[in-house]
Enquirer: 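Can you keep this structure in mind? I'll have questions shortly.
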Number of protein chains: 4
Amino acid sequence: MNKRIGIIGASGYSGEQLVRLLLDHPRVELAAVTSRQHAGKTLESVFRKFAGHPKSGAMRFSEPDARGLARNVDAIFLALPHGAAAEYAGPLLDAGCVVIDLSADFRLKSAQVYREFYGHDHPAPGLLEKSVYGLPEIRREEIRKARLIASPGCYPTSILLPLIPLLKNGLIRHSSVIADALSGVSGAGRKAETDYLFCECHESARPYSVPKHRHLSEIEEQLSLAAGAPVAIQFTPHLVPMNRGILTTLYLEPAAKLTHEAVAACYHDHFAREPFVRLLAGDNLPDTKHVIGTNFIEIAWRLDPRTGRLVVMSALDNLIKGAGGQAVQSMNLVCGFPETAGLVG
Amino acid sequence: MNKRIGIIGASGYSGEQLVRLLLDHPRVELAAVTSRQHAGKTLESVFRKFAGHPKSGAMRFSEPDARGLARNVDAIFLALPHGAAAEYAGPLLDAGCVVIDLSADFRLKSAQVYREFYGHDHPAPGLLEKSVYGLPEIRREEIRKARLIASPGCYPTSILLPLIPLLKNGLIRHSSVIADALSGVSGAGRKAETDYLFCECHESARPYSVPKHRHLSEIEEQLSLAAGAPVAIQFTPHLVPMNRGILTTLYLEPAAKLTHEAVAACYHDHFAREPFVRLLAGDNLPDTKHVIGTNFIEIAWRLDPRTGRLVVMSALDNLIKGAGGQAVQSMNLVCGFPETAGLVG
Amino acid sequence: MNKRIGIIGASGYSGEQLVRLLLDHPRVELAAVTSRQHAGKTLESVFRKFAGHPKSGAMRFSEPDARGLARNVDAIFLALPHGAAAEYAGPLLDAGCVVIDLSADFRLKSAQVYREFYGHDHPAPGLLEKSVYGLPEIRREEIRKARLIASPGCYPTSILLPLIPLLKNGLIRHSSVIADALSGVSGAGRKAETDYLFCECHESARPYSVPKHRHLSEIEEQLSLAAGAPVAIQFTPHLVPMNRGILTTLYLEPAAKLTHEAVAACYHDHFAREPFVRLLAGDNLPDTKHVIGTNFIEIAWRLDPRTGRLVVMSALDNLIKGAGGQAVQSMNLVCGFPETAGLVG
Amino acid sequence: MNKRIGIIGASGYSGEQLVRLLLDHPRVELAAVTSRQHAGKTLESVFRKFAGHPKSGAMRFSEPDARGLARNVDAIFLALPHGAAAEYAGPLLDAGCVVIDLSADFRLKSAQVYREFYGHDHPAPGLLEKSVYGLPEIRREEIRKARLIASPGCYPTSILLPLIPLLKNGLIRHSSVIADALSGVSGAGRKAETDYLFCECHESARPYSVPKHRHLSEIEEQLSLAAGAPVAIQFTPHLVPMNRGILTTLYLEPAAKLTHEAVAACYHDHFAREPFVRLLAGDNLPDTKHVIGTNFIEIAWRLDPRTGRLVVMSALDNLIKGAGGQAVQSMNLVCGFPETAGLVG
């Protein structure tokens, strides 16, 4: 049976991609999209690229009214800036909606860590324990039963998927993790700030938020859960001149002597049957151009006999596997659809 | 007194940039440029951007004739592919020319390491001990007296300049060095290969040569000399979609407890009077767009109290400080010109 | 009923996009893909981005054997370089296959014009009269009955669709047509030539093939058919630094006094029910970013009261509406599928 | 004798380029740079790329105080937004300064045309007749004697230089001129507007301000002066994804039968001795990458025997020949320096 779906806050890059995925989804009726800025306008007047889509027809942005929406849809996506999602989630959950949040608001379990990284108290701490961290490859069964899904973003996904299997299998030293990541500019959102002007980004490669990026909090919480012990990592994000894509390089020290085959076995055990994980063989290394426009993550690894380190690399599309696509993957699970519905073929 | 200068192999991106720098140099007469491919053609017909330059006038590419050139110039730059420089250097040196080589041919001291990394014997091993590694900030006095200068390339410069002071001062653990570097596509040279087509690089970020890039050999040799002990590092180069620029992020573990001030003192001791090193203060982090078109390297660092690591970042223009500009800086030293001649203002 | 489809020559940018469209098409089984270069390899080893696609599974490139293919498929796409398609089309047609050719080989009716523009005799002139020029918005009924469809490329489509309605309605002076077009670099194909290297295209905007580009021949033939009289136009293609997209600006002189409403009426008569033509209203002007990844063409127009000219602008994705998407649109017609199958939602 | 120079409003892209040119100029002391936004800050803290420049040393931005500046400098550049220059020019001229304005404020002779295109009365109409349109190739002698120079911008320069010789020599029909131009994004200035974000410009080619761009007013006024009769043209600017560069394609109808040689003779008469005009021969066509970073304009032309039209193409760097470089060229004339001082070699 098909489901009626709504999106609150659909005017950013992630929201726009999510609209595209849901319009094209075979099992879903996109019943409502809200935007304070665009309320009353048709979807196709705001996002011209949807004009002519058979399902976008007369759809209009509405005001974000949680209670009204809750009566009208089975599940709702929140694609809002940090801090705004918490205000909607409670009422929607009370009204019986499944909520899939693309922001960072419900990704942490610890209200204290939230305060440390975000500088203020969490606005709805009671919901933190109810939320499920929506990484389907890691928490598939929890997601199926969840009512509140905190869908992870681009950096966490690019780091967690390659790392969690290694930590679970005890293959690497917990204190050794270094994550160096490159992001396309859409990761900064559709904000009219000088830093993200074309001429400031073109011919520019630059690190930022060194050494303590906010998303470290959720990354470390998830890594610690996987490792069964506290894990703190080094993380350096960089902005590079492309629209989309995350390329992450992980530097790791083996816990004990490690072989290429042992790493391969670990990844194959965890990911060989995963529909969206592409383990690269032979000489292949991840490249954002091979995942852009898809929900795939590519992973490759090299053991360096000279240094003893394990180098793991991943690539994904920050707006799909790192945002809307991953959220749809969770929706498929919670709605009982095939996990790949609307995401391939 | 001005000098007469020649360039052998001036048709690649580095060669072209070198021509530009020497044409604009106030103390130099560019007396000869050679190119097998373009011999007989005027410089401005091959590189239209030099048409109208008051000094490029009727200059023509000639065949690369080492002996003829040696009689005609005071110093000569070799901007040739790997392996080709060795054939010219001997005859030119014998004829009394100063030789500044932009290739990797004379950057190693050890013929054995050369064989390990390049897969064949060095063609002129006797010259290895005569060459000076042309990093002016590190070997200024040796360069002044050199006859054969092996000018370092973009990755080595971006890694060595920020690391050598730390190693010399004993501030970091030798085995801890990880260098993650991003390069613009001109670093691959003007080769008609599918991998470097516009559509293969645009919207692409990708690692390559993992884990053993050839330039590791010279980087480690120089680091070991600075440290007074063998240093082996982790190095991952990435290609990102820009024409120019190298952005390198170094992950280091302090040898003992370290403060921001101690790092600052170390860098100021080594670099405060360097004309081409820009130590960034405050919130500033390196950005390739601020060094492109210049001979500067930007350096910034952060101590991470959470992990105990030192993160150092650098940015430079791969075709200037990472190629032709650095070579001209060495030329200025060897010719007795002001070190910044032709490189600023 | 679904159809079995083959592609001969699937390793260029157009071929790759066509593979993607056919893999995702709900009514089609992609039964064969050929490539001399890649014969024997799996599709996903050559185009990694198809790895994990549920329908690409064990598919392998085969040698291009026209007769063998003809027995195995209902229709076949030719995505070959200029001149190679003519060799396959005859045998395939003889064996009863529908042939959809993406090259320019069968787009002209006149063998004489072919010789003028291509510099040699047409290799299969007898097929020219049998082919249908595959512009669905203009020749829908002919395409439904065709056995050999010559699917137009990016420049012709971007020029013909906005112009033909105006010419049919007699609104513009035949001799006044000027078409100025901007193309992304994928239009040049996946050729390892220096001109299309990243560093040669980035920060470059340049005209080429001025004043007589080969595709003028088919553009003028189609315009003349629409006008009922010979039409010769001015056409200047430019290369701009983007992967995909064509933006065309047409400068036209009205045949008689013209109003905005008359132009609007003309376009609405021809295109209002077209599923892939987006007529822009209000202040909107075409922008390649709004059509990339889709089979849409955007069209807008302005009458200039100062000069009396009509300026018409169009935008499309050169690899979809300008290549594979348009060919699939024709396939849908000839196979009796809904025209938009596999091309939206 | 050297001159003391000031810049009012030096924080946009044009201002920044102008600072660079004047810092490197051999005959100039940059005595003052003003910026309301940055007053009190050092030049190198605002534009990090000037840090380490031997002449930028301790230079600070000051408040824009016209009278104070006038006492301190010989000539002053105004690099201000439209409308702001008029407020400064009068007091500076009264105080005896030469004023070189990079805005459009003084480029028109007719206050009535100003009102038509800018929508309000000119704030200082009395200065319009005193200003000289600063196109050195056309008004060299007037510029030498000017006190107020209105330096033309990128689109006008790219159109006027190729057109004026043809109009002066009576070679083309006045009513036939069509100018289709492509601009890099820096032409839009350093404004924090959504339209100029990286992700809105990358993979985007788009026309704008069709059919009546403001700069038409000055273009047509200058063309009419050259032709000795009113000239109205068609002009379509497009934004393409590069930082710098203008590529203009002109479509023209000959006034009478025209040969390639006649066009060549016309251009050679006007431009053969011009230091910054590069007339392209053979198969060469203009390409922005060959002029970026220089004060050159490239020009090529083709007569189309099929249509009878003359197609002329030009390329320049919008921030140099289309802004600061051209202004410095005028400064050189007015100060009695060699015209190329600080602009080549």
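In what follows, every chain begins at residue 1, and chains take the letters A, B, ... in the order their sequences are listed.
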Enquirer: Report, as yes or no, whether the 6.0 Å neighbourhood of atom CD on C:Glu193 holds more than 12 heavy atoms from other residues, nucleotides or ligands.
Expert: yes
Enquirer: Any heavy-atom pair between the side chains of C:His238 and D:His238 that's under 4.5 Å?
Expert: no
Enquirer: Counting heavy-atom pairs under 4.5 Å with chain D, which one of C:Cys199, C:Ala205, C:Pro211 comes out on top?
Expert: C:Ala205
Enquirer: Using 0.5 Å steps for rounding, measure from the CG atom of C:Leu182 to the CZ atom of D:Arg206.
Expert: 13.0 Å
Enquirer: Search all heavy atoms of D:Val210 against all heavy atoms of C:Val311 and return the closest pair with its distance.
Expert: CG1-CG1, 4.2 Å
Enquirer: D:Leu239 versus chain C, heavy atoms under 4.5 Å apart: side chain, backbone, both or neither?
Expert: neither
Enquirer: Quick one: which residues of residues 284-293 of chain D reach chain C at under 4.5 angstrom, heavy atoms only?
Expert: D:Leu285, D:Pro286, D:Asp287, D:Thr288, D:Lys289, D:Ile292
Enquirer: Identify which part of C:Ile246 has an atom lying under 4.5 Å from any heavy atom of chain D, answering side chain, backbone, both or neither.
Expert: neither
Enquirer: Heavy-atom distances under 4.5 Å only: say whether D:Glu298 touches chain C with side chain, backbone, both or neither.
Expert: neither
Enquirer: Provide the closest heavy-atom pair for C:Met313 versus D:Pro207 in the form atom of the first, atom of the second, distance.
Expert: SD-CG, 3.5 Å
Enquirer: Which heavy atom of C:Arg309 sits nearest a heavy atom of D:Ser175, and at what distance?
Expert: NH2-O, 2.9 Å
Enquirer: Taking only residues at least two apart or on different chains, which pairs with a member in residues 229-255 of chain C satisfy salt bridge (charged side-chain N to carboxylate O under 4.0 Å, His left out)?
Expert: C:Arg173-C:Glu253, C:Arg244-C:Asp317
Enquirer: Would you mind checking which part of D:Val177 comes under 4.5 Å of any heavy atom in chain C, side chain (CB onward), backbone (N, CA, C, O), both or neither?
Expert: backbone
Enquirer: Return yes when atom CD of C:Glu116 has more than 12 non-hydrogen atoms of other residues, nucleotides or ligands closer than 6.0 Å, and no otherwise.
Expert: yes
Enquirer: Pick one of side chain, backbone, both or neither for D:Leu303, based on which atoms fall under 4.5 Å of a heavy atom in chain C.
Expert: backbone
Enquirer: Quick one: which of C:Gly245, C:Gly184, C:Pro241 has the most heavy-atom pairs under 4.5 Å with chain D, could you say?
Expert: C:Pro241
Enquirer: Supply the atom-to-atom distance D:Thr307 OG1 to C:Lys212 NZ, rounded to the nearest 0.5 angstrom.
Expert: 11.5 Å
